[in-house]
Amino acid sequence: MIGGRQRFTPLQRMLHWLMALCILAMLFIGVGMVSTVMPKYLTLVSIHKPLGIAILVLALIRLAVRLRYGAPSLPADLPEPMKLAAQLSHYAFYVLMIAMPLIGWGMLSAAGYPVVLFGGAHLPAILPQSDSMHTLLWNAHFYLAFVLFALILLHVAAALFHALVRRDGVFDTMAFMSAHDEGAAAE
Amino acid sequence: MAAPRRSLAHSTFGSLVLIAVVIGACAAAFAYTAGWFTPQRLTPDKLVDAFMAPGGEPLGHRRNHAKGICFTGIFEANGAASALSQAQVFTHGQYPVLGRFNLGTADPNAPDATVRVRGMGLRIATPDGQEWRSAMIDPPFFPVSTPQAFYELLLASASKDPNAMQTFAAAHPEIATFGAWAKSAPWTGSYAEERYNGLNSFVFTDGSGAEHAVRWSLLPAAQPIPVSPDDLAKRGPDFLEQEIAERVRSGALRWTLVVSLANPGDPTADPSKAWPEDRRTVEVGTLVVQQIQAEPDGPCRDINFDPTVLPAGIRTSDDPFPAARSSAYAKSYDRRTAEAKYYPRTATDAKP
């Protein structure tokens, strides 16, 4: 981590908010599509697959950017358990953002379904067909989706806690627009 | 004055409440989307649960069309449909086929003579990496108009209320047409003599972007020979599977794939209504069944013949069934692959 920086870089902030939108949409589409037999089922599935691959690509770019630019350091007065929670949650996010699309892709491969993106473009199978592998990945995809959603709720709660209660500048490090002028001047 | 301290405390409390409200609203929206507040929503789980096999859930098997046998072969496209759809499967050539003859029952051990509806699952693969999957049955129309009605039909047939079917038929008069077919249509002694109908409408897109609403059927080359249900009942419980295996051993079997084109105003959204006989039809190719394999070790076992797996050039129409079938088939697939140990792979262990 690079300590001196006050905020995440503009590229990091753009990736964060774009992916936040994609991942939230993805989770809602996911729980919505598996609970309906209406025609919107097909529409939702046809968004879920390419959006998942888009998230995978964005997550890999984001990981590279994070490794290159790091993150602003947390406030010195932040209690250790909160610091630890913040760091662990970031690891969990990166693992899930990369693993979930791969698990989904692998699950479709293990079931022998073609992985169709837009307009007939399709991806190769990344696993051979296997009922046991399909079951394992299906369960992982299902339960980890709820883990990811819970993690997002915790993340939002923590972000708002920083912004509204502690007012320690942590929210500003990722805010789209800086609440203070110094942020704009720094760029 | 203590005002600044109090307002700070107030604003902290207010902020915490705001955070709780935001998180609670997100969680509630998620739960709503997942259907937790709408128990009347027809979910794939409910639809699949409504299939009743006499021995309970057929663990490891499809939840409907549970009894079947695999085949492989080729599809010979004659090129006639390439004017209707840009899908590669219609350009002149031969493409590998995987399929499954099956019975419309939730009971994988049903004697063959007891099941009225026979079906075929089909997967045609093309060199461009695309696939066309379809699941067809031998009635010329579907029993009901909507997936919701189909669900109610399953509930009514399983109901202990002696009037359940009557009540259902009053609300869904289209079932009478199907009932008449089931009573009067001749039975045959072979999967080879059946005509398999796609029933649902789909949309073909041709090279110019023009769209054509279609349905398709496979017409057997074999001459259907009517056999009375009483005579069929005297044959073995698996006579259809034995017969088709023997028949294919002595020579490949053929079906002609015929596409019917809707006229404007034809009911594309309702598979219980056949289109008039005079609609334009196009023979687009020949299905050649070359080999039969028992299901436990066969290549069709773990294939979901999801009718919405379509190549570019074919898409779903306003018919609501393919979506409902796709979601229910996926649920059935998820369950049976998780239960694979109850359906052993080696054919010798298969029958309990």
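Proteins get letters first, then strands, A, B, ... in listed order; numbering begins at 1 in each.
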* Part of B/Pro311 lying under 4.5 Å from any heavy atom of chain A -> neither
* Is the B/Trp36 to B/Tyr32 ring centre distance short of 6.0 Å? -> no
* How about A/Tyr113 and B/Tyr333: are their ring centres within less than 6.0 Å of each other? -> yes
* Heavy-atom distance under 4.5 Å to chain A: side chain of B/Leu18, backbone, both or neither? -> side chain
* Considering only heavy atoms from C-beta outward, does the side chain of A/Arg62 approach that of A/His16 to under 4.5 Å? -> yes
* Given that the side chain runs from C-beta out, which part of B/Arg133 has a heavy atom under 4.5 Å from chain A: side chain, backbone, both or neither? -> side chain
* Tell me, side chain or backbone of B/Ala20 under 4.5 Å from chain A's heavy atoms, or both, or neither? -> neither
* **A/Phe28, part contacting chain B, at a heavy-atom distance under 4.5 Å** => both
* Asked: In terms of heavy-atom proximity below 4.5 Å to chain A, should B/Thr38 be classed as side chain, backbone, both, or neither?
  -> neither
* Side chain, backbone, both or neither: which part of A/Met38 has an atom under 4.5 Å from a heavy atom of chain B? -> backbone
* Part of A/Leu27 lying under 4.5 Å from any heavy atom of chain B -> both
* To do: Sort B/Ala338 into side chain, backbone, both or neither according to what part of it lies under 4.5 angstrom from a heavy atom of chain A.
  => both
